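All values reported here derive from a predicted model rather than from experimental measurement.
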Amino acid sequence: MLYELERYEVLTSKGYLDRLNAPTPWSTKMMPHHLGMVRSQCRIVASFGGGVASRAANSEKKSKTHVGSAASPSSS
């Protein structure tokens, strides 16, 4: 899943973390269908051209810092 945020601080807000730790019935039903899903944060470092992209490239950097209990894979 890819989300675009206007402010990075949304990811540490009480409202976001509350919803993340208490998913809706629909989210609970759908999550098993997202095999290997990883919820992570990223920043755009370069953007070229216009239009709608059909692909995206990303790289993952592991961090020992977790924000709220929902960010930890062991909290599921």
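The minimum heavy-atom distance between T12 and L17, with the atom names listed, is O-CD1, 3.9 Å.
Scored by the side chain to side chain contact (heavy atoms under 4.5 Å, CB included) test, T24 finds R19, W26, S27 as partners (sequence neighbours excluded). Residues that satisfy the salt bridge (Lys or Arg N to Asp or Glu O under 4.0 Å) test with K14, not counting sequence neighbours, are D18.
Clustering of Ile, Leu, Val, Met, Phe, Trp and Tyr side chains at separations under 4.5 Å leaves L35 isolated, with no partner residue.
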